[in-house]
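These notes are about the structure you will find just below.
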2 protein chains.
Amino acid sequence: MLSLTEENYLKAIYHLSDGGSKAVLTNALAEAMSTKAASVTDMIKKLSAKEVITYEKYYGVNVTSKGKSEALMVIRKHRLWETFLVDKLGFAWDEVHEVAEQLEHINSPRLIEKLDEFLGYPKVDPHGDPIPDHKGKIKIVPQIPLDQLAIGYQGKIAAVKDSDSNLLKYLDKIGARPGVKIKILGKEDYDESMEILIDDHRVFISKAVSQNILVVG
Amino acid sequence: MLSLTEENYLKAIYHLSDGGSKAVLTNALAEAMSTKAASVTDMIKKLSAKEVITYEKYYGVNVTSKGKSEALMVIRKHRLWETFLVDKLGFAWDEVHEVAEQLEHINSPRLIEKLDEFLGYPKVDPHGDPIPDHKGKIKIVPQIPLDQLAIGYQGKIAAVKDSDSNLLKYLDKIGARPGVKIKILGKEDYDESMEILIDDHRVFISKAVSQNILVVG
DNA sequence: ACTATTTTTTAGACTAACCTAAAAATATAC
DNA sequence: GTATATTTTTAGGTTAGTCTAAAAAATAGT
């Protein structure tokens, strides 16, 4: 059983390691958790004792398979609650992150299964991120940041990388929501800004924004 | 701002004081919180510092008006979540207490208002207890325990006192849910057991049970 | 390869909950 | 009305999570 704080650390490690595919450094984790390296070292010891991560001094942290499935359950809960907030309670997709951060720690397997059923077993959350199933299985759809594609590209917005509320508000304003059609009309070499077509209207976006729009197809 | 633990203590004090109408003793609170008197004394000091209760040594604790409205907000959240679990997710009314104990601590005024709207502004929860409105106003319907009424009484089940899961399961089995018609057919002087009519079928119940069935009318 | 810098860990201290054991205050008993 | 029993508080200690400051290990520069 993990404490609320331990659960949050584990989730951060899971994300920083790209789902367990690389080691996470102490400082990176301290930054992500808005805390100090010393506190991270303490917590790392606890999480290794609970066998959700492995730890090599001065090298970094890796998630164990037990840790992965625990992290995926938290992510499942987070994304199901976000879906509930948007689909059922009428929240805007940029307002749900903070509340879901609280709701994801509610511990009741039965509640989550009932919620999943109530929502009609959704595959993705309101930001386009895949929702792990009750066994922790996640369907990975390869998603490419818009800034890495060329003029003429045409496809669909799959998800949004950052969950910063200001970014989400901005994207919502220009109509850039998951599922919407998108096309690259032009690119400016100087600052890497772009002109794009979102659902048939033209918008200019900076590189900072195009990096955060993930597309498929 | 109260911590999760402080919130739980305050709620217990509110209930033990019958909504703020009498003082609560240290030992009674220790019993209710399944903890020791010494820990209660510590917590009482914190809660007085935060001005949600007043405290006189060796005499007891009283809830301030600030404390009352904070307690009512937690109760509001608890009862709205219980209603959600039963009405929307299909939980049985005897399964919701523990989960609601967790959900009641989620801090988001917007979430609670949206949830209230989604549920259609319910007046009572699945156990028949009144739900405080967004201003903390609660509609008190006088409820009488069944064991205090005479043969021939006829009315409606308003609520159930205890939230013990076994009691609730039993009541559910004999059909004794809030809103159901009830009539007292007979009373046994020896052990104060009763024969009653629930929704037109006859049942025998012990005094322990009749004390927990609250009725109106 | 030997300093210098950066990163990480250790050491020691803080706060919020909790505990046990002992002291103090209140209530009860004769 | 003094002695006994009960209740409540104080005193001192524990654990989880945090911090700052200093020590140790790893990396980089010339």
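Since this is a predicted model, take the numbers as computed values, not measurements. A, B, ... follow the sequence lines: proteins, then strands. Residue 1 opens every chain. When reading the values below, keep in mind they use all heavy atoms of this one structure, side chains included, and skip hydrogens, waters and symmetry mates.
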Task: Within the 6.0 Å centroid threshold, strictly below: F84(A) and F84(B) - done: yes
Task: Euclidean distance, atom OH of residue Y58(B) to atom P of dT9(D) [Å, nearest integer] - done: 6 Å
Open item on the list: What I want to find out is whether K137(B) reaches D133(B) closely enough, with some N-O distance under 4.0 Å, to be called a salt bridge.
Closed with: no
Task: Value in whole Å for how far the P atom of dA16(C) lies from CG of L4(A) - done: 18 Å
Open item on the list: Does anything in residues 104-136 of chain A form a ring-ring contact (aromatic ring centres under 6.0 Å, His included)? List the pairs, not counting sequence neighbours.
Closed with: W93(A)-H127(A)
Open item on the list: Using OP1 and OP2 only, check whether a side-chain N or O of K57(B) sits under 4.0 Å from dA24(C).
Closed with: no
Task: Minimum-distance nucleotide to M43(B) side chain [options: dT9(C), dT9(D), dC18(C)] - done: dC18(C)
Open item on the list: Tell me whether the side-chain N/O atoms of T5(B) come closer than 4.0 Å to OP1 or OP2 in dA16(C).
Closed with: no
Open item on the list: Output the rounded distance in Å from NZ (K45(B)) to P (dA17(C)).
Closed with: 15 Å
Open item on the list: Closest approach to the side chain of Y55(A), judged atom by atom: which nucleotide of dT9(C), dT8(D), dC19(D) is it?
Closed with: dT9(C)
TODO: Output yes when at least one side-chain N/O atom of S39(A) is less than 4.0 Å from OP1 or OP2 of dC19(D), else no.
DONE: yes
- [ ] Verify the contact: side-chain N or O of T41(A) to OP1 or OP2 of dT10(C), cut-off strictly under 4.0 Å; return yes or no.
- [x] no
TODO: Would you indicate what Y9(A) reaches in the nucleic acid, counting non-hydrogen atoms under 4.0 angstrom: base, sugar-phosphate, or nothing?
DONE: sugar-phosphate
Open item on the list: With a 4.0 Å cutoff (strictly under), does any side-chain N or O of N27(B) reach OP1 or OP2 of dT6(D)?
Closed with: no
TODO: Please tell me which of the listed nucleotides, dT8(C), dA11(D), dA16(D), lies nearest to the side chain of A38(B)?
DONE: dA11(D)
Open item on the list: Please enumerate all residues that pass side-chain contact (heavy atoms from CB on, under 4.5 Å) together with L214(A), with sequence neighbours excluded.
Closed with: Q143(A), P145(A), A159(A), K161(A)
TODO: Using a cut-off of strictly less than 4.0 Å, decide whether K46(A) has a side-chain nitrogen or oxygen near OP1 or OP2 of dG17(D).
DONE: yes
Open item on the list: Please pick, from dG17(D), dT8(D), dT18(D), the nucleotide with the shortest atom-to-atom distance to any side-chain atom of E6(A).
Closed with: dG17(D)
